[in-house]
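Down below is the structure, laid out as structure tokens.
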Protein chains: 2
Amino acid sequence: MGKGEATRERILEIAESAVLAKGFGATSIDEVIAEAGLTKSGFFYHFKDKNALAHEMLRRYVATNDQLFDEIFARGHQLSDDPLQAFLISLKLLAETMSDLPNGHPGCLIASICYQERLFDREVRELTAQSVRDWNARFRKILDGIAAVYPPREPVDLDDVADMLSCIVDGAIIMSKTLNDPSRLERQILIFRSCVKLMFAPSPLP
Amino acid sequence: MGKGEATRERILEIAESAVLAKGFGATSIDEVIAEAGLTKSGFFYHFKDKNALAHEMLRRYVATNDQLFDEIFARGHQLSDDPLQAFLISLKLLAETMSDLPNGHPGCLIASICYQERLFDREVRELTAQSVRDWNARFRKILDGIAAVYPPREPVDLDDVADMLSCIVDGAIIMSKTLNDPSRLERQILIFRSCVKLMFAPSPLP
DNA sequence: CCAAAACTGCACTCACGGTACGGTTTCTCC
DNA sequence: GGAGAAACCGTACCGTGAGTGCAGTTTTGG
């Protein structure tokens, strides 16, 4: 890894936490470069403008999240052959991972960008949309596997259930931040887990 | 209503849609006053700074939402004496209301402010937190009434279930905006409704 | 050692938030 | 209808932050 790439990473790291803490518009390049210890010229050598910075931040964020999901759902599948059990275990792991974050979840970049959309170009917005679609598709696939074994009690659209997880996580992050209570995120994931259980787990036979 | 108050309302209306569309930081006073047809001096006559604008916008937004909830849950209670049925009806009404919005839900101001927090003073942030707490308390009260009649199947914390509605709505708004598909919000509310049904509705006796 | 990569320094421009203040129009009430 | 307050307008100004341009300097890897 060249030195330039290391600097890029440092900038992205600093920028990400700043953006999640106070929004993209309120994050000044001056403050980022001050913390990174380089000059304005140095910054614009790596990123042609703020939009390019957003684009790279997003790529980084999505990649990290994808990797996390890969690990968590693979682990769930390791621990149980039953698709429902595997998913429930994974959700528990996800909840634990979230609650282990030292200062709570730093925030969702997608949501942050969502509320600033006019600031970004089509490319960035398309990237956010595609990542959300990918995550939904991933959850949907898991749910398909479950529904094949355990027919749902209520007539539910599996696409909507898949969407639900993303929605709950995003919403819970906002609530955690707004109320300054990191535990909400963990608890919301666990409540979603209960809902999945209720939807698919066979009723106890009398 | 004096003429001044009318101008204030006009400014707030214009500012709200702009803020929801592109974020608070990206909304310039210049563009707001251009659309409102007044000068900078006129603006600062009504609001001492941007933070004061945010504060008033928030008060307005919260009041509107509170009123909507009052109406919807009162209506549900009118249509059924059973607390569970009343809630399920209200959720359906809520979903319909959301899907009737011409261009989809414009966005949640709370969430928008959440991702821009450093821009606002303590007062504004406290107002957002209090409204979220109020909404959660309202839902919690309804759930208490339901649980008194229908004991939940799974051991769930009713506070978490109450939070869940806010989370889902906020998350679904983000997804709707990100994917440019307004229908997601309605569908997520209905999925939440299914979950409530599964949690509390008595299993069909064989 | 040399060329490319990774910067620095400086001097700008433009947009935006905000201040200051004197002047002008428009209500409102007696 | 007149006085005074409320609701503005105009202009000039400051500080900050994004972004440009470009010449010069250091660092690094082959």
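Chain A is the first sequence line, chain B the second, and so forth, proteins listed ahead of strands; every chain is numbered from 1. All values reported here derive from a predicted model rather than from experimental measurement.
B:N65 and B:W135 share no side-chain donor-acceptor pair at under 3.5 Å. If you check the side chains of A:D66 and A:Y61, you find no donor sitting under 3.5 Å from an acceptor. Side-chain atoms of B:D30 and B:S28 include no donor-acceptor pair closer than 3.5 Å.
With rounding to whole Å, B:F44 atom CZ is found 18 Å from D:dA12 atom P. Following rounding to the nearest Å, B:I33 (CD1) and D:dA7 (P) show an atom-to-atom distance of 18 Å. In this structure, NZ of B:K48 is placed 14 Å from C1' of C:dG17, rounded to the nearest angstrom. Straight-line distance from the CZ atom of B:F47 to the P atom of C:dG17: 14 Å, rounded to whole Å. Distance, B:F43 CZ to D:dA7 P: 16 Å, rounded to whole Å. Computed from coordinates, the A:D49 CG to C:dT13 P distance equals 21 Å when rounded to whole Å. Between B:L53 atom CG and C:dG18 atom C1' there is a gap of 14 Å when expressed in whole angstrom units. Atom CD in A:E5 sits roughly 15 Å away from atom C1' in D:dT28 (whole-Å rounding).
For the pair A:K50 and D:dA18, the criterion of a side-chain N or O lying under 4.0 Å from OP1 or OP2 is met. Distances shorter than 4.0 Å separate some side-chain N or O of A:T7 from OP1 or OP2 on C:dC7. Between A:H46 and C:dC7, a side-chain N or O to OP1/OP2 separation shorter than 4.0 Å is present. In terms of phosphate contacts, B:Y45 brings no side-chain nitrogen or oxygen within less than 4.0 Å of OP1 or OP2 of D:dC8.
A donor-acceptor contact under 3.5 angstrom links the side-chain atoms of B:S41 to the base of D:dG10.
Among the atoms of the strands shown, base atoms are found under 4.0 Å from some heavy atom of A:K40. Backbone-only engagement by B:G4 is indicated by non-hydrogen atom pairs under 4.0 Å involving sugar-phosphate atoms exclusively.
Listed by residue number, B:T27, B:S28, B:I29, B:D30 are the residues of residues 24-31 of chain B with a heavy-atom contact under 4.0 Å to DNA chain C.
With respect to A:R60 and A:E9, a salt bridge is recorded, a charged nitrogen being found less than 4.0 Å from a carboxylate O. In summary, A:R133 and A:E126 engage in a salt bridge, as defined by a charged side-chain N under 4.0 Å from a carboxylate O.
Counting non-hydrogen atoms of neighbouring residues, nucleotides and ligands closer than 6.0 angstrom, the CD atom of B:Q67 reaches no more than 12 such neighbours.
Residues forming a ring-ring contact (aromatic ring centres under 6.0 Å, His included) with B:F47 (at least two apart in sequence, or on another chain): B:F43.
Closest contact between the side chain of A:K3 and the listed nucleotides D:dA7, C:dG18, C:dA6 involves C:dA6.
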